[in-house]
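Written below as structure tokens is the structure these notes are about.
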2 protein chains.
Amino acid sequence: MEHVVDFLPVVGKHADTSMTSVIVVEDDRLLRQSLARLIGEARSYRCLGTFTTAEEALEKVPGLRPDVVVMDINLPKMSGIDCTRQLKLAHPEIGVLMLTVYDDSERIFEALRVGASGYLLKRSVATEILQAIQDVKEGGAPMSSQVARKVVASFRVAAKADAENATLSERETEILAHLSKGYSNKEISERMCISLSTVRTHLRHIYEKLHVRSRAEAIVRFRH
Amino acid sequence: MEHVVDFLPVVGKHADTSMTSVIVVEDDRLLRQSLARLIGEARSYRCLGTFTTAEEALEKVPGLRPDVVVMDINLPKMSGIDCTRQLKLAHPEIGVLMLTVYDDSERIFEALRVGASGYLLKRSVATEILQAIQDVKEGGAPMSSQVARKVVASFRVAAKADAENATLSERETEILAHLSKGYSNKEISERMCISLSTVRTHLRHIYEKLHVRSRAEAIVRFRH
DNA sequence: GCATAATTCGTCCTTTTGGACGATTGGAAA
DNA sequence: TTTCCAATCGTCCAAAAGGACGAATTATGC
């Protein structure tokens, strides 16, 4: 960790509920330092620390318990999106604000999908940045109106996808039942008298609908 | 299928409860034919058919619903033991009598462990064979007194092994808990801070103790 | 009749899992 | 003290599973 402002309350900046504690994860040194300085110097904001990689952040952020993590969407090795996914899995209470240099809808969507609360363009001015952090802490979702519109549109898709969750088709339901008895794909194909390929196609559809990535997860989901 | 006696009742040999229907799975042509003839000609026995491979037997035996399958322990490709395991999994009501040329304790134990009811030495005489088949149909377990003694001894081991089922070690229990949440080996290794190798070693031990062969089966077992 | 979904089968490729081993360390029991 | 077991890590190999596709046929709803 390059820059730790402090771990104990500082005179005139008590760690009470009015303080917003922030972590910055950004590999570019200039941007990282200017963000840390901006946050550290602002009234009622504290920068608990900064990290340059997703891996380091994942390891140390949970112990620091920040209100908000400002995360570069584009980090070396593990991306900020993957980092956000893992962080939110373990600590859903921590708000994540994505940092991106340009209006990359695809990656912003992906980030929001894995749990980010909003995003900031790197060219944003100081007041916007602090306001966005505050919004995230208070449960808001700062984003541009263009992106907000796209997000609303994507929610329709998501809602549709979720409706399909409940409606596994007949064959898919049969296969899920076999899965949950512990049978292998080969055993299922034999019992249902269909090819292995077909079993696997059904499985892929089941995984998509249930939002899982393995038979183990599907079994768990099936058995509540 | 080489030899199908009949699928419909034959005059003087009605398929009532007093009839014992048998399937023979044996790759040696001479032995297969002589067994089929012996069974077919005996009063109150019917040979529903014979197969030369485990694979063929697995496919067609369920449709024939025999009382007893006489299974060579030593078949080409898939062994009679593996065939018995699969057959008993799907159709526990079908009795299986293993055929072996010599008193191979290890393999006979294995066969009994996977669900065979008893065994026959190939040198057995006709009356012994028919009596053994009848015993199996009636829920008995025909075996030589020497083997019976060993089986009793092995039950002590098995009882010990089963006691160990309940006593998964601490780490094994932790891993099983993670399994049953749908985590992959990699995720488990990260969450428990141990290497992938160690997770897999624990898993192998868990599978041995629970008598399962996949994580899906282990999850099902864990969740009753 | 046309769009949509379900069902079926396939290929190519990568990752994961499982089986069969060996080996080390540390602690507990005989 | 010796022996056993739990826990740890590893290698080599084979089988299973999964992802990303395409594609054909048969319903089914609008």
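So you know, we letter chains A, B, ... as the sequences are listed, proteins then strands, and number each from 1.
Between the CG atom of A/Asn185 and the C1' atom of C/dT16 there is a distance of 13 Å, rounded to whole Å. Counting to the nearest Å, the P atom of D/dC9 and the CZ atom of B/Arg171 are 9 Å from each other. Per the geometry, NZ belonging to B/Lys209 stands 9 Å off C1' belonging to D/dC5, to the nearest Å. In this structure, B/Glu170 places its CD atom 18 Å from P of D/dC5, rounding to the nearest Å. We find that CD1 of A/Ile188 is positioned 16 Å from C1' of C/dT8, with the value rounded to whole Å. As rounded to whole Å, 16 Å separates atom C1' of D/dA14 from atom CZ of B/Arg213. With rounding to whole Å, B/Glu217 atom CD is found 16 Å from C/dT17 atom P. Between the NZ atom of B/Lys186 and the C1' atom of D/dG18 there is a distance of 15 Å, given to the nearest Å.
Note on A/Thr198: a base of the nucleic acid sits closer than 4.0 angstrom, heavy atoms only.
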A/Lys60 vs A/Glu56, salt bridge (charged side-chain N to carboxylate O under 4.0 Å, His left out): CA-CA, chis, key distance, verdict: CA-CA 6 Å; A/Lys60 296 179 181 165; A/Glu56 201 187 356; 3.8 Å; yes

Steps toward side chain to side chain donor-acceptor pair (under 3.5 Å) verdict (A/Ser195, A/Thr198): CA-CA 5 Å; A/Ser195 80; A/Thr198 304; 3.1 Å; yes

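For A/Thr201 against C/dC9, a side-chain-to-base donor-acceptor contact under 3.5 Å is present.
Listed candidates were D/dG18, C/dA6, D/dC9. Nearest to the side chain of A/Arg200 is D/dG18. In the set C/dA6, C/dG18, C/dC9, the nucleotide with an atom closest to the side chain of B/Leu203 is C/dG18. Distances were taken from every side-chain heavy atom of A/His202 (C-beta onward) to each of C/dT17, C/dT7, C/dG19; the shortest belongs to C/dT7. Side chain of A/Ser184, nearest nucleotide from D/dG18, D/dA17, C/dC9: D/dA17. Comparing D/dC9, D/dA17, D/dG19 by their nearest atom to the side chain of B/Arg204 picks out D/dC9. Closest to the A/Arg215 side chain, of the nucleotides D/dC9, D/dG18, C/dT7, is D/dG18. Comparing atom distances between the A/His205 side chain and each of D/dC9, C/dT7, C/dG18 picks out C/dT7 as nearest. When distances run from any side-chain atom of B/Tyr207 to the nucleotides D/dG19, C/dG19, D/dG18, the shortest one goes to C/dG19.
DNA chain C is contacted by both B/Ala216 and A/Met192; A/Met192 maps to the nucleotide lying nearer its 5′ end (nearest heavy atom per residue).
Under the side chain to side chain contact (heavy atoms under 4.5 Å, CB included) test applied with B/Ile39, the options B/Thr20, B/Thr50, B/Leu48, B/Val22 reduce to a single match, B/Val22.
An OP1 or OP2 oxygen of D/dC9 is reached within less than 4.0 angstrom by a side-chain nitrogen or oxygen of B/Ser195.
Between B/Thr52 and B/Asp27, the side chains place no donor N or O within less than 3.5 Å of an acceptor N or O (distance only, hydrogens not considered).
Classification of B/Lys209 and B/Glu172 as a salt-bridged pair holds, one side-chain N sitting under 4.0 Å from a carboxylate O.
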